[in-house]
Amino acid sequence: MIMAFAVVGMLCLGGGFLVGSSMSDDRSQTLNIAGSSSVGPLMTTYVQEYSKLTDSVKFNLSVTDSTDGVNKVLSGAADIGMSSSKISDAAVAAGAVATEICKDAIVVVVSPKLFDGGVTNLTPAQMKGIYEGTITNWQDVGFNASVPIANTHVFIREEGSGTRDAFESLIGKPTLISGLSTQNSTGLMRSAVSSAEYAIGYISLGSLNTATDKAVSVNGVPPSIANAMNGTYELVRSFYLVTKGAPTGTAALFIDWILSPTGQKHLGSSFVPLYAVP
Amino acid sequence: MATERRPSKRKNVNSGSEKYLLTAVSAAAVAIVFIIIFFVIYNSIDALTQYNLWDFLTGRIWSPSSGQFGAFPAIMGTILVTIGALVFAVPIGISAAVFLSEVVPEKVRNTLKPICEIFAGIPSIVYGFFGLILLGPVLQSLFPGHMSASFSWLTASIILGIMALPTIISVSDDAMRAVPRSYREASMAMGATKWETTKKITVPAAFSGISAAVMLGMGRAIGETMVVMMVAGSAMRVPGPLWDVFEWIEPLTSLIASDMKYVSDPLHYSALFLLALVLFAMVFLVNYVTRIIIKNTKRKFEEGEGMLEKHLPRKVKDAVNRSKRPAFLFMIFIVVWMAASLFFSNGVSACIAFACTLLTVAVPYIAKLFRPIGRQKIAHCIMAVSMIIAIGFLVAIFGDIIIKGIGVLSIEFLTGYPVFDNQGNLVGGGIFPAILGTIQLAVGTAMIAIPLGFITGIYLSEFARKSRFTNIIRSSIDILNGTPSIVFGLFAAVTIVAVFNISLITGCIILAIVILPVVIKTTEEAVKAVPGELREASMAMGATKWETTIRVIVPAAMGGILTGIVLALGRAAGETAPILYAATVVWRNYMVVSPFDANMALPVLLFSLSSTQLGSDATYGTALVLMILVLVVFSAASYIRYYYSKKVRW
């Protein structure tokens with residue numbers, strides 16, 4: 001009998017847990033946000049700032065990658081998806097609507113040893129050559145010694161990454177060497193490249209930490225907000241928030257706030273605003 | 001009580017409505033097992049039919065967007081990283097175990113062993129963090145020119161080896177302890193030294209237990225996800241020369257985990273399930289081989305010859321025996337040559353390998369120069385060094401995290417909400433939501449797994465008749481127990497997440513499935529350990545089987561059951577891979593009140609922090625808090641064990 005009581009008790013506890021909480025669930029609106037690890041850090045700021053203005057919205061932020069963000073919006077698992085590249089035609093056809101919230105420069109980073117040895121400027125064609133395996137020595141791109149480019153020197157992001165998608169389209173869709181090391185997030189890419197002896201990778205300008213990461217110039221133009229805004233820096237893409245259909249309700253309020261001058265101000269010195277904010 | 005009942009009125013002491021309850025609950029637990037197995041197979045059918053199995057197993061290009069699913073590099077990755085871990089862990093683990101069981105005084109053993117066991121419970125994410133922050137950079141500076149970054153197959157193997165060490169040491173030690181004293185005494189009486197006795201009597205007698213220990217460690221290495229994801233380099237390629245330990249690899253588990261992040265195409269999903277099936281098959285194979293080895297050595301010990309030898313003609317047997325030593329020497333040559341060829345030219349490595357082989361040949365002759373007692377001293381020294389290496393690694397992990405993390409702990413860090421800057425760095429506040437989330441996960445998991453696992457365990461040990469059906473149940477629970485946790489994550493991603501979205505309850509269900517077999521097994525073992533006399537005495541008093549179970553057996557077995565449950569919860573609290581993308585978010589701005597709210601968890605936070613700000617205070621602090629939390633759970637377990645060992649005696 002004790003056992004039966006124990007079982008019933010457990011079930012009641014579990015049931016109470018469920019019921020008690022579903023009542024408090026209606027207290028406020030919930031916004032589930034999911035997607036790109038390049039947009040994620042920026043979104044954290046937005047969510048934190050927005051939470052200061054109102055406490056009626058519950059935010060859940062999960063960071064995976066752009067493709068996952070769009071998929072979750074389409075399946076209804078998320079209200080807002082974060083994408084760091086243009087969403088696919090298939091997603092648009094399925095009803096996804098992308099709102100551009102800011103621009104971001106993609107920064108090509110190299111390991112400190114390469115940077116100090118002279119690899120400080122690359123052309124998009126050189127980047128393509130490195131990722132396709134047609135440029136085989138670091139000396140060919142300005143390094144002061146002859147070091148063959150090994151597979152282990154070239155880093156990529158996973159296939160679902162918006163940064164990878166944007167980077168590859170910006171440098172002309174390279175046919176990648178097979179078996180390159182895949183870094184699963186912006187953060188992993190950063191730490192992998194900066195801790196390596198010889199390495200090249202790409203991250204978002206917003207995630208660039210100038211103390212540890214060595215960013216190369218593209219066609220002689222160093223990556224910066226100013227250069228991205230005046231169009232001289234070539235590797236620029238947009239960040240999007242994706243909704244199923246045009247944004248409505250809480251999601252619309254939130255997105256409008258991000259697009260407002262107040263929202264654009266929070267881009268700080270890391271991301272490129274859509275328009276000049278005073 | 002029992003006196004009020006009139007047993008004569010009962011037709012059968014076994015029957016009663018209670019039994020149906022037990023059967024129903026156990027059936028539910030077993031159904032879960034079968035559903036998962038069925039689901040994995042069912043979902044991989046698409047990939048099997050639309051994609052050629054041969055191409056899947058041997059193809060070298062994995063590119064889901066272009067419809068290419070070549071899993072060969074990942075399969076090789078799993079095999080290589082596991083072999084690497086064993087090469088590292090087996091010699092150190094076994095000699096440390098021998099040292100623990102045969103050499104050191106009882107008191108030292110009693111302190112060293114619990115320390116070893118605690119390390120077995122540290123979450124794998126902490127080991128991965130250690131690999132990234134300390135071991136990787138150290139190896140990188142040891143082998144400049146070979147390791148361009150801190151990742152490599154070598155780093156992953158060493159970490160997996162360290163993780164397998166506590167299991168190997170603890171289980172091997174138990175096996176050697178179980179060798180009857182009389183064996184040792186007989187050998188010593190013949191004039192053998194302690195070392196000779198160990199070498200010729202104790203270790204061979206405990207061989208089946210030791211191989212079981214190795215296989216357990218191996219199972220853990222095959223199924224580990226977080227460590228390989230963090231330090232193996234995630235490159236889908238087969239190493240240049242296969243033994244190039246500085247190459248980067250991507251084992252099956254980390255491929256599944258990283259693809260799970262963005263998978264949406266049905267064929268891609270199916271391919272991931274096929275990967276899981278391959279992983280299943282590998283774990284199953286390891287378990288099967290273990291069983292054969294154990295059976296064979298038992299036979300060898302009892303009957304003088306193993307299964308294989310019995311059926312072979314004498315000529316072949318002699319040939320096998322004669323070629324054992326040359327084969328061993330040849331293996332030494334090849335292994336040394338492989339290792340040396342990474343650093344030197346082929347000619348030089350061949351010379352080194354030859355020298356090492358000669359040295360191996362010479363060892364017995366050199367040993368003869370010493371007196372037996374001298375040889376014993378040398379052997380004990382080597383074992384002591386192994387023990388120091390094993391403990392040293394573990395202390396390094398602990399020490400590094402404690403020293404750098406202790407300063408971070410503050411009231412604000414433990415109770416505050418995280419504040420991130422717009423680069424994703426945790427710049428202020430604390431990790432309270434993650435701590436709370438982990439506790440909520442553990443409690444929720446307990447609420448699901450304990451009733452289910454406890455009742456199934458009782459049913460299996462006390463009520464189930466021995467039948468083919470019970471056997472099937474038992475072996476499917478074993479399979480579930482050995483299943484890498486990422487497989488459950490994958491299963492959950494398409495089932496539970498589809499129903500409950502990313503939420504606390506999703507996490508609880510996934511973790512409950514992960515620990516269910518452990519709870520069932522420990523309950524069953526604890527109940528089995530209760531002496532039969534207690535049952536008989538109770539039944540003789542006229543109690544029914546149900547009453548006996550509830551009033552006599554369960555209280556007597558409570559210590560074992562509770563210990564098992566608490567240990568399982570410790571595992572749930574530290575588990576990362578299955579809930580990484582399926583059940584947790586990185587940030588939320590409110591307290592979780594409903595099981596349908598999204599949840600944060602310490603291990604997942606640690607994973608995301610170690611990718612954005614690896615060496616930062618916040619990361620060390622989070623690692624320390626997670627470690628402390630798990631240690632508290634483990635101390636609770638050992639207290640329960642101690643408390644009941646004093647209370648219950650028979």
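Naming convention: chains lettered A, B, ... in sequence-line order (proteins, then strands); numbering from 1 in each chain.
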Does any backbone or side-chain atom of B:P418 lie under 4.5 Å from a heavy atom of chain A? Answer side chain, backbone, both or neither. backbone
Got a second to check how far B:S611's OG is from A:M189's CE, nearest 0.5 Å? 12.5 Å
Check each atom of B:V238 against the heavy atoms of chain A and say whether the ones under 4.5 Å are side chain, backbone, both or neither. neither
What part of A:K72 is in contact with chain B, defined as an atom under 4.5 angstrom from a non-hydrogen atom: side chain, backbone, both or neither? side chain
For chain B, find which of A:T152, A:T186, A:L176 contributes the most heavy-atom pairs closer than 4.5 angstrom. A:T152
Highest number of heavy-atom pairs under 4.5 Å with chain B among A:V47, A:N209, A:T64, A:T45 belongs to A:T64
Heavy-atom donor-acceptor pair, A:T67 side chain to B:Y262 backbone, under 3.5 Å: no
Would you mind checking which part of B:F151 comes under 4.5 Å of any heavy atom in chain A, side chain (CB onward), backbone (N, CA, C, O), both or neither? side chain
Atom pair OG1/CD of A:T182 and B:E250 - distance to nearest 0.5 Å: 6.0 Å
Apply side-chain contact (heavy atoms from CB on, under 4.5 Å) to residues B:K261 and A:D65 and explain how you reach the verdict. CA-CA 7 Å; B:K261 207 167 90 161; A:D65 55 30; 3.3 Å; yes
Between A:N32 and chain B, with a heavy-atom cut-off of 4.5 Å, which part of the residue counts as in contact: side chain, backbone, both or neither? side chain
Quick one: what part of B:P73 sits under 4.5 Å from any heavy atom of chain A, side chain, backbone, both or neither? neither
A:L208 versus chain B, heavy atoms under 4.5 Å apart: side chain, backbone, both or neither? backbone
Under a 4.5 Å cutoff for heavy-atom pairs, which residue among A:G160, A:S181, A:G187, A:G35 has the most contacts with chain B? A:S181
Side-chain H-bond candidate by donor/acceptor type, A:E159 with B:S65, under 3.5 Å: yes
Value rounded to 0.5 Å, distance of CG in A:N184 from CG in B:L580: 9.5 Å
Structural part of A:Y46 lying under 4.5 Å from a heavy atom of chain B: neither
Once you round to the nearest 0.5 Å, how far does OG of A:S178 lie from CD of B:Q68? 9.5 Å
Nearest heavy-atom pair of A:N151 and B:R237: which atoms, and what distance? CB-NH1, 3.2 Å
A:E197 (side chain) donor-acceptor with B:P144 (main chain) under 3.5 angstrom: no
When rounded to the nearest 0.5 angstrom, what is the spacing between CE in B:M600 and OG in A:S62? 11.5 Å
Which bit of A:S195 comes within less than 4.5 Å of chain B, counting heavy atoms only: side chain, backbone, both or neither? both
With a 4.5 angstrom heavy-atom cut-off, could you sort out which part of A:L188 is near chain B: side chain, backbone, both or neither? both
Which atoms of A:N71 approach chain B - backbone, side chain, both or neither, heavy atom under 4.5 Å: side chain
Checking heavy atoms, do the side chain of A:L267, its backbone, both or neither come under 4.5 Å from chain B? backbone
Region of B:S152 in contact with chain A, defined by heavy-atom distances below 4.5 Å: neither
Let me confirm one number: the CH2-CG distance from B:W248 to A:L180, rounded to the nearest 0.5 Å. 9.5 Å
Select, from A:S185, A:G206, A:A78, A:A199, the one with the greatest count of heavy-atom pairs under 4.5 Å involving chain B. A:G206
